[in-house]
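Note: hydrogens, waters and symmetry copies are ignored here, and every other heavy atom, side chains too, is used.
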Amino acid sequence: MGQHRAGQHARRTPRRRILRPALATACAALAVAAVLAGAHTLTSRATADAPADSALTASADPSTALAPAAAPATSDPDPAAVQATAPAGTPSTAAAPAATPTAAVKRGSTTDAPADAESAKVGALFNGPVAAGRHFCTASVVHSPTKNLLLTAAHCLSSSGNVTFAPGYRDGTAPYGSWQVTAVHTTTGWDQHRDEDEDFAILEVAADQGRQIEDVVGAHPLGTGESFTAQVRLFGYPNAGETPLTCVNATSKEDTYQRAIDCPAYTGGTSGGPWISTATGAVIGLIGGHQEGGDTPDTSYSALFDHTITALYATAVAAAG
């Protein structure tokens, strides 16, 4: 959403969904079989190009100093325990410990997110050093054996460039430090066709003074195969604000590979914001997908988290290790 204007989730000229042909329903079984057989391929990049949304983030003062990194949040669930029954590097589909409750948030009502263990795992992406006004998209820490992976929307950036991530960012400060993005992993379906059903990216970040980011703020397990009507906590950093937003509501089925959620005021910059299941604590979606997240600020979309993101996750874990 870094390319948004005036409260729209979509890019300047919204890319409308390409309607699937009538034969798609009849061919669904064959299509799924083809995907499982390897029709979706993955790519990884670690170049020095600027992010796709950098044109909107080039005017802020880069001299703002970072706050000292804080100690790991002790109240955070142990991600390793969440996935103790799964092979290393495999996304969790089992119930995880519930996330820190946000009692003040009402269903479908958007408010500023409290500064707690849950919001510490979510942060803003910056083009260069952390400074007020420079953030262009949202990302979150996803659990992995390597403890250095983030999840965001593929349309947010095309390469690592000079991108930094500040978990728990608010009001010009980075309480848990600034983390350099070193690689971007996306699917070939996105790279070659900008397939809105594959609008997700996994980022690697460098260690900071020997610490991995997951050791500092914790992480959400990756959740797949959840109901289209799951209740989630939605996070995002609007370009025009310096505090993350949060909203709790139930998701709905937009189409076979897309979820929708109604939460007001999710404007440009919130792309990549995680959808955290209130039942499991897993991230089961992110703002992106249809219309690159939505063409109004009150309805957001996410590509479905299925075997495609599971394969991308496995690729990113292997590369990061």
Side-chain angles (χ1 to χ4, degrees), residues 1-4 9 11 42-46 49-54 56-57 91 119 121-127 130 134-144 148-169 178-187 190-191 194-206 213-214 217 219-220 222-223 232 234-239 244-245 259 266 268-276 282-289 292-294 300-305 308-309 312-313 315-317 319-320:
M1 283 184 216
Q3 296 179 349
H4 302 323
H9 283 277
R11 57 175 127 175
L42 312 172
T43 59
S44 302
R45 296 185 304 279
D49 298 331
D53 302 280
S54 61
L56 297 185
T57 60
S119 63
K121 304 180 192 72
V122 183
L125 292 172
F126 292 79
N127 180 29
V130 173
R134 293 188 67 118
H135 54 90
F136 63 90
C137 266
T138 305
S140 61
V141 186
V142 63
H143 172 62
S144 68
N148 64 343
L149 299 181
L150 311 179
L151 189 63
T152 191
H155 74 260
C156 280
L157 68 170
S158 59
S159 69
S160 55
N162 190 31
V163 177
T164 55
F165 173 70
Y169 171 83
S178 175
W179 303 76
Q180 184 70 43
V181 176
T182 58
V184 179
H185 302 277
T186 57
T187 69
W190 173 262
D191 291 339
R194 293 187 73 87
D195 185 344
E196 63 184 14
D197 295 335
E198 300 182 19
D199 186 7
F200 32 71
I202 296 178
L203 316 180
E204 295 178 46
V205 293
I213 192 168
E214 189 172 334
V217 299
H220 298 112
L222 181 65
V232 304
L234 185 65
F235 287 93
Y237 283 84
N239 285 334
L245 302 178
R259 294 177 182 268
Y266 278 77
T270 58
S271 274
W275 301 24
I276 308 301
V283 56
I284 64 173
L286 57 84
I287 299 178
E292 297 189 351
S300 300
Y301 299 96
S302 172
L304 184 66
F305 280 16
T308 306
I309 197 168
L312 178 63
Y313 174 86
T315 296
V317 168

Mind checking the OH-OG spacing from Y266 to S300? Nearest 0.5 Å is all I need. 7.5 Å

Are F235 and S140 close enough that some pair of their side-chain heavy atoms sits under 4.5 Å apart? no

Closest non-hydrogen atoms of W275 and R259, given as atom of the first, atom of the second and distance, are CZ3-CB, 3.7 Å

Compare every heavy atom of P238 with every heavy atom of G236, then report the nearest pair and how far apart it is. O-CD, 3.5 Å

Sort out for me which residue in D199, D195, T308 forms a side-chain contact (heavy atoms from CB on, under 4.5 Å) with T187. T308

Side-chain touch Q180/V205, heavy atoms, less than 4.5 angstrom: no

Residues E204, L149; criterion side chain to side chain contact (heavy atoms under 4.5 Å, CB included); working and verdict: CA-CA 5 Å; E204 295 178 46; L149 299 181; 3.7 Å; yes

Output the distance between atom CZ (F200) and atom NE2 (H185), rounded to the nearest 0.5 Å. 14.0 Å

Close side-chain approach of L151 to V283, heavy-atom, < 4.5 Å: yes

Side-chain heavy-atom pair E214, S144 within 4.5 angstrom cut-off: yes

Where G285 and S302 come nearest, the two heavy atoms and their spacing: CA-OG, 3.3 Å

Aromatic rings W190 and H155: how do their planes relate, parallel, tilted or perpendicular, breaks at 30° and 60°? tilted

Contact summary for V142 and A219, nearest pair of heavy atoms: C-CB, 3.7 Å

Quick one: pull up OG1 in T152 and CG in L157 and give me the separation to the nearest 0.5 Å. 7.0 Å

Between CG on residue L203 and OG1 on residue T182, distance to nearest 0.5 Å: 9.0 Å

Side chains of Y301 and I287: closer than 4.5 Å at any heavy-atom pair? no

Quick one: do V122 and H220 satisfy side chain to side chain contact (heavy atoms under 4.5 Å, CB included)? Show the steps, please. CA-CA 10 Å; V122 183; H220 298 112; 4.3 Å; yes

Side chain to side chain contact (heavy atoms under 4.5 Å, CB included) between L150 and I213, intermediate numbers included: CA-CA 9 Å; L150 311 179; I213 192 168; 4.1 Å; yes

Distance (rounded to the nearest 0.5 Å) between T138 OG1 and L286 CG: 10.0 Å

Is there a side-chain contact between P244 and Y169 in this structure, where contact means two heavy atoms from C-beta onward sitting under 4.5 Å apart? no

E292 backbone acceptor or donor facing E196 side chain under 3.5 Å: no

Between CZ of F126 and NE2 of H135, what distance do you get to the nearest 0.5 Å? 5.5 Å

Got S158 and V184 here, is their nearest side-chain heavy-atom distance under 4.5 Å? no

May I ask you to test the I284-V232 pair for a side-chain heavy-atom distance under 4.5 Å? yes

For the residue pair F136 and Y237, is the inter-centroid distance of their aromatic rings smaller than 6.0 Å? no

Minimum-distance pair of heavy atoms, taken over all atoms of A201 and L312: CA-CD2, 4.5 Å

